[in-house]
Amino acid sequence: MSRRLRMWVLAVGGAGLAALLVAACLGLPDFGGRSHPYGTRSVRASLARHTANTVASVNFDQRAYDTLGEMGILFAAVLGCVVLLRQARDEHRAEPEPAEVARPVRRYALVVLPVALVTGLYVIAHGQLSPGGGFQGGVVAATALHLLYLGADYRALERVRPIAVFEISDAVLVCAYLVLGLAGVLAGTAFLANTLMPYGTFNTLSSGGAVPLLNAAVGMEVASAVVVLLATFLEQAVEIEEEDER
């Protein structure tokens, strides 16, 4: 295919996409109006399935398939970084030396670490009840562990986050999301349909049917993925050194 033909294909595709976007925008409800068809249906479906947080109902029930795609993008991005930043033949691991940390920084990091970790887990566990959820709580929990790097040193961080364990858990939790979706197919409904479990009592941790399980799977997968991603970059920054030329 010539360069000119590729440009024509790009122009036609771009024009078609622009036309669709304009048509979609023209079909939106008036700004400030009272008619919000999608919002009204989302809230109605959320309440019908005993999910207090409508956003969580949209992410893990009404459009759970889209969330699967987002999780897949994160998994692929982390996998790509691990492959691209893996240790090369002309590099070797140098054991990091303990660094001097100011006492205020050390105290602050060690005090905030458990608080931040519990907060992240709380946000994941209550994603179907209150603002937040798996993605947000997973990032908070993963970054909380790295306060140990700021408050102590890299060796201390290594002891509490074995990379192999987080790599395995990342893959297993992605599969868990898929298994929950396939369970609906095996039960005779649709993929990721929220019909397998009782919806429970509204506004409790056990409410929402499959939403808490999917939310927990995403939260722990995001936490594992972020830990692996940060570990990959940290190893490049503090551990990987080029061998001296001989």
Side-chain angles (χ1 to χ4, degrees), residues 51-53 55-56 59-60 67 70-71 74-75 77-79 81-82 85 93 95-177 180 200 203-208 210-239:
T51 307
N53 183 7
V55 176
N59 290 338
F60 303 107
T67 303
E70 296 171 4
M71 184 192 301
L74 176 61
F75 181 78
V78 173
L79 179 61
C81 288
V82 171
L85 298 179
R93 289 196 59 176
E95 289 296 330
E97 298 181 358
E100 292 293 334
V101 181
R103 286 188 177 181
V105 175
R106 181 185 296 272
R107 291 171 180 171
Y108 174 80
L110 296 181
V111 169
V112 173
L113 190 154
V115 177
L117 183 58
V118 171
T119 300
L121 297 177
Y122 178 91
V123 172
I124 295 174
H126 291 75
Q128 72 275 14
L129 304 180
S130 58
F135 284 97
Q136 296 85 348
V139 173
V140 173
T143 52
L145 290 177
H146 290 78
L147 288 173
L148 191 60
Y149 172 58
L150 300 178
D153 55 31
Y154 193 70
R155 289 181 179 177
L157 176 62
E158 280 189 316
R159 286 193 290 268
V160 300
R161 60 116 175 90
I163 297 301
V165 174
F166 284 95
E167 289 176 342
I168 294 173
S169 65
D170 187 12
V172 168
L173 290 165
V174 171
C175 294
Y177 196 100
L180 289 171
N203 208 26
T204 62
L205 284 177
S206 59
S207 62
V211 171
L213 297 179
L214 294 174
N215 178 66
V218 169
M220 300 312 296
E221 190 274 335
V222 170
S224 300
V226 173
V227 167
V228 174
L229 186 63
L230 291 178
T232 302
F233 283 102
L234 277 175
E235 286 185 358
Q236 288 288 318
V238 303
E239 286 195 316

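Values below: every heavy atom of this structure, side chains too, minus hydrogens, waters and symmetry copies.
- Counting all heavy atoms, side chain and backbone alike, Val228 lies closest to Thr232 at O-OG1, 2.8 Å.
- With sequence neighbours excluded, the residues that form a side-chain hydrogen bond (donor to acceptor under 3.5 Å, both in side chains) with Ser169 are Ser224.
- Separation of atoms CZ (Phe166) and CE (Met220) is listed at 8.0 Å; rounding is to 0.5 Å.
- Note that CD of Glu70 and CG of Asn59 are 7.0 Å apart. Values are rounded to the nearest 0.5 Å.
- Contact detail for Val82 and Glu167: the closest heavy-atom pair is CG1-OE2, 4.5 Å.
- Taking CD1 from Ile168 and CG from Leu173, the interatomic distance works out to 11.5 Å, rounded to the nearest 0.5 Å.
- What you find for Val140 and Thr143 is that their closest heavy atoms are O-OG1, 3.1 Å.
- The two residues Ala144 and Leu117 make their nearest non-hydrogen contact at CB-N, 3.6 Å.
- For residues 210-222, no pair satisfies side chain to side chain donor-acceptor pair (under 3.5 Å), with sequence neighbours left out.
- Contact detail for Asn203 and Ala52: the closest heavy-atom pair is OD1-CB, 3.7 Å.
- Legend: residues meeting side-chain contact (heavy atoms from CB on, under 4.5 Å) with Leu229, ordered by chain and number and at least two apart, are Val78, Cys81, Phe233.
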Report, one line per pair, each donor and acceptor closer than 3.5 Å where one atom sits in a side chain of residues 124-136; sequence neighbours left out.
| residue | atom | partner | partner atom | Å |
| --- | --- | --- | --- | --- |
| His126 | ND1 | Tyr122 | O | 3.0 |
| Gln128 | NE2 | Leu205 | O | 2.8 |
| Ser130 | OG | His126 | O | 3.3 |

>> Run Leu234 and His146 through side chain to side chain contact (heavy atoms under 4.5 Å, CB included) and show every step you take.
In response: CA-CA 10 Å; Leu234 277 175; His146 290 78; 3.7 Å; yes
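- Counting heavy atoms from C-beta outward, Leu214 and Thr67 have side chains that stay 4.5 Å or more apart.
- Take Val111 and apply the side-chain contact (heavy atoms from CB on, under 4.5 Å) test, not counting sequence neighbours, and it matches no residue.
- With a 4.5 Å cut-off on side-chain heavy atoms, Leu145 and Leu230 do not count as touching.
- Remark: Ala109 pairs with Leu147 by the side-chain contact (heavy atoms from CB on, under 4.5 Å) rule, at least two apart or across chains.
- Applying the side-chain contact (heavy atoms from CB on, under 4.5 Å) test to Arg103 and every residue at least two apart in sequence or in another chain returns Arg107.
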